[in-house]
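The next block holds one structure in the form of structure tokens; read it before the comments.
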2 protein chains.
Amino acid sequence: MSHSPKHPAGHPAPTSADVARLAGVSRATVSYVLNNTAAVRISDRTRRRVREAAEELGYVPHAAARSLRAGHTRMVLLPTAHVPVGPLYSRFFDELQWALRRLDYTVVQYGSLGMDGDEAARAWAELRPVAVVAFGEIALTPQGVEVLKRSGARAVITLGAHQVEGAHALVLDQAEVGRQAVAHLVERGRRRIGVIMPEDRRLDFFSVPRLEGARQAAAGTGAEIVPVPLRHEEEPAAELAGRWRDLGLDAVFAYNDEYAMLLMRALQDAGIDVPGETAVVGADDLLLGRLLRPRLSTVQIDMVIGRHLAELVDRAVRDPGGAPERHDLMAARLIHRESS
Amino acid sequence: MSHSPKHPAGHPAPTSADVARLAGVSRATVSYVLNNTAAVRISDRTRRRVREAAEELGYVPHAAARSLRAGHTRMVLLPTAHVPVGPLYSRFFDELQWALRRLDYTVVQYGSLGMDGDEAARAWAELRPVAVVAFGEIALTPQGVEVLKRSGARAVITLGAHQVEGAHALVLDQAEVGRQAVAHLVERGRRRIGVIMPEDRRLDFFSVPRLEGARQAAAGTGAEIVPVPLRHEEEPAAELAGRWRDLGLDAVFAYNDEYAMLLMRALQDAGIDVPGETAVVGADDLLLGRLLRPRLSTVQIDMVIGRHLAELVDRAVRDPGGAPERHDLMAARLIHRESS
DNA sequence: TTGAAAGCGCTACCAT
DNA sequence: ATGGTAGCGCTTTCAA
């Protein structure tokens, strides 16, 4: 269990003092040169000497020491429990990171798998980020927001179904997806509508609100909503298709396009006509939906643009006093193709 | 441009001195209590007072100050240029993060989009991570490794096609995927084999080695390899299918299952028989391949297990002097179905 | 059982 | 144009 000898890696990392010594100047001068401090004039000869010394030693400034001294960081923390899957979210994350870096922030994703809300907030606060953009998988409470703000976070932004007190909110109303899908099916005369619920618990964050939206759209129309659990595998899908007629469903909202593809194949293999006997609607408008036969009706989701979010972060950081903004940032609209 | 008043967020974050003052003890005592320091005995009454004071103030320790004092961190840095897409990599990242957290590391993903290798290494070194696991999108040079080590990183591990001097390597030999696919096609008598090259530059990291592997497998067999660029959209696929017969290909390795699906649909719509006229092989063994008709032949990839990598990280951190390990960690094998 | 104080690496003020 | 130095928040000897 010997954790380490005194010299962790042979030589300790060079400090600005080492650079100063080698260049024959003071640590202050080193700092001025390497940070191009405008308020002070340093001779070109000195500049060069400092630069060369830093280069020779492989000097890299110590971010922790710097931010300790400065009293703040430029770190934007993106806590993630799971890497969100799917092209929509990949693109969104890429855009957001890119835009924030252009605004001179340091973007850090912090894996917070299996932490509860307030525990997570505390862990994040230890890093003293200037802003936190919390994807809704981790439930942030008003207390969590308060902890972050007291620790110096100038902006806390949640990205999820609900607004949290004290935080800016980008409301991604997943329920709207279910609403659109079911409204469409009802309009086309369907009355007993299944809603596929993935067994993968990591998708609850999306699937539960989508089901709720489905129920809302059905309410008062005489249509009935039937949740149908399904694992993303061939066998369970075949098994489900085998007892499909017992369920008596004339339509199904399949959670998303991938589940829709899985289900549609199983239904077709079981001799059930789509859309004749059962209509199928997916969501996310993936390319694969257009490649299926019949082509898949789907709910298209317009995700928030990463650049917009980056601008909101920057605005909030510059004006921490501002009232929490709330933006409803997910438009969903149905695309009618052949499967419904 | 006024960047901020003196008091960034109203009140500055509470420090251990504030806790000490409120509890009527010294900062040392606060530290002992909150860290459960074993080497020192504190009365229960004092413990409680300190805990209550910390709670009341919403005190959260300052990670930067702590690690500055300690001289090291427990941070494992995972630089990512793009979020890697696909279920394989999502699962891998989840596993890795989980396993590292169990080993008491803090896992931080650092967005390094658009940085060149040495610039990136410097940026990472500023954070003084104890270990860096570099996914191969960013080319890490021997100099970059050296910078990281001098800054105190006890383990540098690359995950990619090549080994880098001084770093441990998990070799993910993407070329093997192309080799397997083409060897299979050659064996089945195909002679003019297209290799789909996604136009999305973010996939070069995967697609270029896969093409190279395809070439290796064809060498000396009399078979010919023809790179075929393709965008992941319907129209370009249809356009490609339209001039398919001019290409004179009797087989195609479609980069992965998603591109294979896209291409197969387009070929079928153009009246080209699969596999009769052209055989198609995908990769990644996604569920969707089994849902296609004909069922898609594919190259299954056994990704490294996150837990194994976490253990390698821990081993390397505990014994920084150890010789760089090199593990070849991607097995690929062909699964023959109906499309080839 | 508790407190005083040094020092981690850095920057910004004030001298020179 | 450059140097001296205080102090950011924390932990850890050493003394009491």
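Each chain gets a letter, A, B and so on, in the order its sequence line appears, and its residues count up from 1. No experiment lies behind these values; they were computed from the predicted model shown.
In this structure, B/Arg202 pairs ionically with A/Asp94, as a charged nitrogen and a carboxylate oxygen lie closer than 4.0 Å. Under 4.0 Å is where a charged nitrogen must lie from a carboxylate oxygen, and between B/Glu146 and B/Arg150 at least one such pair does. Taking 4.0 Å as the cut-off between side-chain N and carboxylate O, A/Arg91 and A/Glu95 count as a salt-bridged pair. Comment: A/Asp44 does not engage A/Arg47 in a salt bridge, judged by the lack of any side-chain N to carboxylate O separation of less than 4.0 angstrom. With salt bridges taken as basic N to acidic carboxylate O contacts below 4.0 Å, none links A/Arg315 and A/Asp319.
Between B/Thr15 and the phosphate of D/dG9, there is no side-chain N or O to OP1/OP2 separation shorter than 4.0 Å. Residue A/Ser31 places none of its side-chain N or O atoms closer than 4.0 Å to OP1 or OP2 of C/dC10. Regarding contacts with the backbone of C/dC10, every side-chain N or O of A/Ser67 stays at 4.0 angstrom or more from both OP1 and OP2. Between A/Ser16 and the phosphate of C/dC10, there is a side-chain N or O to OP1/OP2 separation shorter than 4.0 Å. Distances shorter than 4.0 Å separate some side-chain N or O of B/Thr46 from OP1 or OP2 on C/dT2.
Counting non-hydrogen atoms of neighbouring residues, nucleotides and ligands closer than 6.0 angstrom, the CZ atom of A/Arg101 exceeds 12 such neighbours.
A rotation axis mapping the C1' atoms of four pairs onto the next four is fitted at both ends of the helix from C/dT1-D/dA16 to C/dT16-D/dA1 over five pairs, and the angle between these axes is 40° to 10 degrees.
Rounding to whole angstrom units, CZ of residue B/Arg21 and P of D/dG9 are separated by 11 Å. Rounded to an integer number of Å, the gap from CG of B/Asn35 to C1' of D/dG9 is 13 Å. Look at CZ on A/Arg66: it is 18 Å from P on D/dG9, rounded to the nearest Å. If you take CZ of A/Arg27 and P of C/dT11, they are 10 Å apart, rounded to a whole angstrom. A straight line from CZ of B/Arg69 to C1' of D/dT12 spans 5 Å, rounded to a whole angstrom. To the nearest angstrom, P of D/dC10 lies 9 Å from CG of A/Leu68. Between A/Leu34 atom CG and D/dT2 atom P there is a gap of 14 Å when expressed in whole angstrom units. The distance between atom CZ of B/Arg74 and atom P of D/dC10, rounded to the nearest whole Å, is 21 Å.
There is no side-chain donor-acceptor pair under 3.5 Å between B/Ser151 and B/Trp124.
Each of B/Arg128 and B/Val40 was matched to the nucleotide of DNA chain C holding its nearest heavy atom; the match closer to the 5' end belongs to B/Val40. Judged by closest nucleotide on DNA chain C, B/Val25 is the one of B/Val25 and B/Ala70 placed further toward the 5' end.
In this structure, the side chain of B/His327 does not engage the main chain of B/Leu170 through any donor-acceptor pair within 3.5 Å.
Between the base of C/dC13 and the side chain of A/Tyr32 there is a donor-acceptor pair shorter than 3.5 Å.
Relative to the side chain of B/Ile42, the nucleotides C/dT2, C/dA12, C/dC10 differ in distance, and C/dT2 lies closest. Taking only side-chain atoms of B/Ser43, from C-beta outward, the nucleotide of C/dC8, C/dT11, C/dT2 with the closest atom is C/dT2.
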